[in-house]
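The block underneath contains the structure these notes are about, expressed in structure tokens.
Note that ligands are numbered from 1 as they come in the structure, with each ligand's atoms numbered from 1 the same way. Fair warning: this is a prediction, and the values are worked out from it, not measured in the lab.
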Amino acid sequence: MADKSKRKKCLRVKIISMGNAECGKSCIIKRYCERRFVSKYLPTVGIDYGVTKVHVKDKELKVNIFDMAGHPYFFEVRNEFYKDAQAALLVYDACDRKSFESLDLWLQEMGKQQLVDDVVVFVCANKVDMGKRVVDRLEGQLWSQGKGFSYYETSAATGEGITEVFQDLFEQLVKLSECDGKRTIPTVTPGFTKDQVDAILRLKNGRDNYEKLGVHYTASRDDINKAYRKLAVILHPDKSMAPGSEDAFKTLVNARTALLRNKE
Ligand SMILES: Nc1nc2c(ncn2[C@@H]2O[C@H](COP(=O)(O)OP(=O)(O)OP(=O)(O)O)[C@@H](O)[C@H]2O)c(=O)[nH]1
């Protein structure tokens, strides 16, 4: 009996939202808590606060959500709220590269008030319904998983990914509470290096085969083979766990073949 009441004890958690202004933080939270979407942009002034209760398995969670304004003007207000956060929704707009490139700055801002390692971070690539995205899934995954964060594609407009991201987040918080708040559970193990990430992105985004391999237009057959071997070592599917490695390896092989053919 005593055991049962202990298990049912309410767990209080604090979640914050971070990300550039207008990337959709408030809409994601509204979509989850109120099941609705607001298309008009109403900038958050400082902080919006809300409470909701959820059940995960036999645990009841009292969830305190602090939706932080993304505008730089409010950074002093935000600084008050990072402390003691257990989870963060780190949001960017998949149709706005600047909001993606700002993710590191958001981590830096949080890091001044709170140990980033103590926070379960969920990255949301939002507005995926818009059909004009400029940051694709692979880039988002590589950035997020490289840091050990979970990655989700979301749309506050259609609801895509919203329940899933919150469900996963709550489950991770419950697991964490079962380990006395110590992060003994791995969230996502990166298992790949910056060199691998850079190589995958270059092979994907390079404008031509020279750029993909990272060699000059005047490169000799020898230079091409050297560059190929260097990349093949870090990208070989047996070695690299990074998302996109297999495709990158295929692109690498094709690029080398095409370049060597040109040099015959
Ligand atoms: N199409 C589409 N529009 C979205 C989505 N999410 C948010 N929006 C729109 O983007 C604009 C900004 O959304 P907000 O949720 O207010 O953005 P925010 O990140 O909270 O902005 P700040 O409060 O200024 O930090 C609004 O016009 C929303 O309707 C989405 O998933 N799809």
Quiz item: Using a heavy-atom cut-off of under 4.0 Å, does the side chain or the backbone of K30 touch ligand 1, or both, or neither?
Solution: neither
Practice problem: For the pair K30 and E34, find out whether any cationic side-chain nitrogen is under 4.0 Å from an anionic carboxylate oxygen. | Solution: no
Exercise. Report the part of K25 (side chain from C-beta onward, or backbone N, CA, C, O) that has a heavy atom under 4.0 Å from ligand 1; answer both or neither where that applies.
Key: both
Quiz item: Any N or O of G19 that comes nearer than 3.5 Å to an N or O of ligand 1?
Solution: no
Quiz item: For ligand 1, which atoms, with element, lie under 4.0 Å from some heavy atom of M130?
Solution: 1 (N)
Practice problem: May I ask you to identify, for D67, whether its side chain, its backbone, both or neither come under 4.0 Å of ligand 1 on a heavy-atom basis? | Solution: neither
Quiz item: Side chain, backbone, both or neither: which part of T44 comes within less than 4.0 Å of ligand 1 when only heavy atoms are counted?
Solution: both
Quiz item: What protein heavy atom is closest to atom 5 (C) of ligand 1, reported as residue, atom name and distance in Å?
Solution: K127 CG, 3.6 Å
Quiz prompt | S220 and D223: side chain donor to acceptor below 3.5 Å | solution = yes
Exercise. May I ask you to check whether T154 has an N/O atom sitting below 3.5 Å from an N/O atom of ligand 1?
Key: no
Quiz item: What about P43: any of its N or O atoms under 3.5 Å from an N or O on ligand 1?
Solution: no
Quiz item: So is there a nitrogen or oxygen of V128 less than 3.5 Å from a nitrogen or oxygen in ligand 1?
Solution: no
Quiz prompt | C23, any N or O under 3.5 Å of ligand 1 N or O | solution = yes
Exercise. Report, in ascending order of atom number, the atoms of ligand 1 lying under 4.0 Å from any heavy atom of N20.
Key: 19 (O)
Practice problem: Identify the protein heavy atom lying closest to atom 15 (O) of ligand 1, giving its residue, its atom name and the separation to 0.1 Å. | Solution: C27 N, 2.8 Å
Practice problem: Would you kindly specify which portion of A157 sits under 4.0 Å from ligand 1, judged on non-hydrogen atoms: side chain, backbone, both or neither? | Solution: both
